[in-house]
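We name chains A, B, ... by the order of the sequence lines, and we start the count at 1 in each one. Atoms considered below: every heavy atom in the structure, side chains included; atoms not considered: hydrogens, waters and symmetry mates.
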Amino acid sequence: MSNILIVENIIKNFGDFRALNNVSIEVPEGSIFGLLGPNGAGKTTLIRIINQITLPDQGKVYLSGNELKPNDIQSIGYLPEERGLYKNMKVGEQAIYLAMLKGMTQADAKSSLKYWFDKFDIGSWWNKKIQELSKGQAQKVQFVVTVMHKPKLLIFDEVFSGFDPINANIIRDEILQLRDEGATVIFSTHRMESVEELCDHIALINKADKILEGDLNEIKKEFKTNTFEVGLITDNKESIQKELAEKFEISIANFKSLEDKLKLNIQVKGNDSIPDLVQFLNSKGILNHFVEVIPSVHDIFVKAVKQSDNE
Amino acid sequence: MSKLKLIIKREFLAKVRNKSFIIMTILSPLLMVGLTALIVFLNIKNSEEQRTITYVDESQLFSDIFIDTETTTYEDLTELGVEAAKVATQSSGYYGLLFIPEKDTITTVEKTIEFYSEDAAGISIITGLETKIAKRIRNIKLKNLEIDLQKIEQSDTNVTILTSKFSGEKSSKIGSILKMIAGGGFGYLIFMFIIIYGTSVMRSVIEEKTNRIIEVIISSVKPFQLMLGKIIGNAFAGILQFIIWIISASLLMVMLAMVFGADMSALSTSSPAMSPEMIEQMKQSTEGNLTLVLQEIKNLPLAAMFFSFIFYFLGGYLTYSSIYAAIGAAVDSETDTQQFMMPVMLPLMIAIYVGFSVIENPHGSIAVGFSIFPLTSPIVMLMRIPFGVPPLQIAISMLLLILTFFAIVFFAAKIYRIGILMYGKKPTYKDLYKWLRY
């Protein structure tokens, strides 16, 4: 899989403040790429550099293998976190204006807009002014405006904010469909559950430095601790717990179950010691719960950021 | 269509479709004409007002100078004596009573004349009476000095100096007045345009910031393109408005003149900027002959005035509106603009004040200085142009304006570029300086 976007050694200073420190990322074509980081880490600055809103002090950005040039904005659809539309302008007229600024002809803009308005069933809004729409409705228009020029790279900054759960689902499905049709999506958000659900690649930026990047499954493998969540039905919980504590790192686990049983998180040294553990547990009672603990994006985020803060 | 054109079109339409624009465009000429009509009406009414002034002339020296006019009737109450005359004047509702006492010498008389009235008497009335009495007293004094009055009258002279330039061109007072009106009018027009449409550019920038659409837009176009499009679009809307104003105001004026059938020279009294002498000369000039005025208009450097108007209009508006755009970008709401408005308004106000002295003395050092200084030159130089300005001064002034324009647009664009993406914090001058270095 080739990379649609390559960001190479970007440095950006605002006066004495360094917003991005030698940041490089590679976004594979057709991926949904999560760009994560605490507030003020430099995500928005990086996104603005990719959109040529801000120029980097050093470093280069390549889109589809070529260095970024002014016309490339036509191939990018950007939904900023701070977003809005002209309140006094009519929906249709405004969408056509914004599409033409992206380089579409008026006819193309009209037909594309018709397609999306039919899809979302919002054709009746054409002659309404934005100020007559609700916030969620305006957000829908804003989404259409972002994608209507069929960009190959989509950048969404907190795309779900302002949507109710139903509309958020509609938007999520549209994003997945756009990906399936060949678009690449960069996704910046603080909602870890949507990263978990949508992203296949992530990069984590903390205090101007990129501290993590790659395939989400690979990263999870890296961050897994060989810990298993165990549920054992037994009468003498305390003695078994004591025995286990001598051999493994353990902690009390917390999961739902129907029986009253011993619930533990048990960390093993490696895959080799799993059979021993299972054998031991089987001999002590009925083992009816044995699950590997997979680190969530949330855990990875917190852990990586803490680690980099301590360095 | 190029992006700049698209932006200009949108800005123009957004401005022109705005309700307040439509209302202002229609209402302003009506208001202006209505106000003028009111003033004309009041002037006519005022001059028609009748009043009676009574007098008690114990000295018996002045009775024959009080001759009734269209608006003023005089009544001799000398026989009643001053106290009874006061009562009589008040009870009959007359305007007032002039009392001239009997004294030994004429010099004492002239210091003891009094006027009684219900309220404080109008200055013009008192001045009128004073002039009449002074003339009589002067004549009496001349007689006492045994000077022949007739000879004095014969020696009265009225000189009109015919002025012309070394180049042989004739110039005249009418010409000077026309120059004042043309220069002052152009200068004031630019002043108004900069303030009205500069503020409008600023509002439009703030609107984009508060609507949060700015980042969406500048992911498609360069901030500079957006700023430029906004400035040009607003200028077109402004020019359209001014054209509508001029056409509709002149139409209404013509209609008004026909309705009143009145002499429009009465209008000139309404302009506070003109001294009474100027008005007098204006009247003479309009009453005099129209061909002379037309002749003088032809003598004005019309081509120079036209081209310099275009130049200074564009230069002044573009320079100031980029400052306004930068201010709009720096703040979050219009209330935050105050601290930055002061330095922008100052040179404009100075230019207008200097303009008054330019009209008096178009080639004085103040006039020359401010017509070269780039932030005031669009207004001050335009006021000077009709009087003829040495080409070197115009060249320096224009060059400086162009250089300043580029410098200001450069810095304004930098502030604009950074400012439009800054939310929340009210910036200080220090912040602005920092942005310039980003």
Side-chain angles (χ1 to χ4, degrees), chain A residues 12-17 19 44-45 47-55 57 70-74 76-90 93-106 109 129-131 138-139 141-143 145-146 149 151 153 155 157 162, chain B residues 1-21 203-226 229-230 233 332 414 416-425 427 430-438:
Chain A
K12 178 70 192 177
N13 298 311
F14 292 115
D16 298 329
F17 176 72
T44 303
T45 305
I47 290 175
R48 282 179 180 166
I49 286 172
I50 296 169
N51 277 295
Q52 303 180 65
I53 292 171
T54 312
L55 293 178
D57 297 339
N71 257 351
D72 284 336
I73 49 170
Q74 298 181 10
I76 302 180
Y78 173 39
L79 185 69
E81 184 179 7
E82 294 284 359
R83 55 183 173 250
L85 296 162
Y86 289 113
K87 290 201 163 45
N88 290 322
M89 244 177 135
K90 286 176 182 163
E93 191 186 4
Q94 174 151 216
I96 288 175
Y97 169 65
L98 292 171
M100 285 174 80
L101 285 186
K102 280 281 185 194
M104 287 182 105
T105 64
Q106 192 160 3
K129 287 181 176 173
I130 291 293
Q131 60 193 2
Q139 288 291 311
V141 175
Q142 189 107 48
F143 180 82
V145 163
T146 311
H149 60 290
L153 179 63
I155 303 177
D157 200 346
Chain B
M1 209 185 326
S2 85
K3 288 181 182 176
L4 184 62
K5 261 195 212 158
L6 276 171
I7 298 168
I8 293 172
K9 190 178 145 203
R10 197 210 80 86
E11 292 296 331
F12 175 78
L13 288 178
K15 179 82 194 162
V16 170
R17 282 183 191 159
N18 197 308
K19 279 197 192 79
S20 67
F21 178 88
R203 285 217 187 93
S204 154
V205 175
I206 294 175
E207 192 205 343
E208 277 175 357
K209 262 190 95 171
T210 44
N211 283 353
R212 297 289 194 265
I213 194 178
I214 190 76
E215 201 168 342
V216 176
I217 301 269
I218 58 166
S219 67
S220 305
V221 299
K222 293 249 168 302
F224 185 67
Q225 276 178 317
L226 181 61
K230 208 172 263 305
D332 274 356
K414 275 198 154 187
Y416 180 83
R417 194 164 56 88
I418 306 292
I420 44 176
L421 294 173
M422 295 283 178
Y423 293 113
K425 196 169 150 257
K430 210 174 138 195
D431 290 324
L432 296 191
Y433 174 70
K434 247 171 49 190
W435 294 356
L436 290 180
R437 291 164 48 227
Y438 280 2

Looking at [options], which one has more heavy-atom pairs under 4.5 Å with chain B than the rest?
| options | value |
| --- | --- |
| A:Thr44, A:Thr54, A:Asn88, A:Leu101 | A:Leu101 |
| A:Arg48, A:Gln142, A:Glu93 | A:Arg48 |
| A:Asn51, A:Ile53, A:Asp57 | A:Ile53 |

TODO: Sort A:Glu81 into side chain, backbone, both or neither according to what part of it lies under 4.5 angstrom from a heavy atom of chain B.
DONE: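 Answer is neither: A:Glu81 stays 4.5 Å or more from chain B.
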
[X] versus [Y]: any side-chain heavy-atom pair under 4.5 Å?
| X | Y | value |
| --- | --- | --- |
| A:Ile130 | B:Asn211 | no |
| B:Ile213 | A:Gln94 | yes |
| B:Ile217 | A:Tyr97 | yes |
| B:Leu226 | B:Ile214 | yes |

Sort out for me which of [options] touches chain A most, counting heavy-atom pairs under 4.5 Å.
| options | answer |
| --- | --- |
| B:Arg17, B:Arg10, B:Glu215 | B:Arg10 |
| B:Asn18, B:Thr210, B:Val221, B:Ile7 | B:Ile7 |
| B:Pro223, B:Ser219, B:Ala14 | B:Ser219 |

Task: Pair B:Lys230-B:Ser204, side-chain donor/acceptor within less than 3.5 Å - done: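 B:Lys230 vs B:Ser204: donor-acceptor pair found between side chains.
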
- [ ] Run the salt-bridge test on A:Lys87 and B:Glu207 with the 4.0 Å N-O cut-off and return the result as yes or no.
- [x]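 Here A:Lys87 does not pair with B:Glu207 in a salt bridge, since their nearest N and O are not under 4.0 Å apart.
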
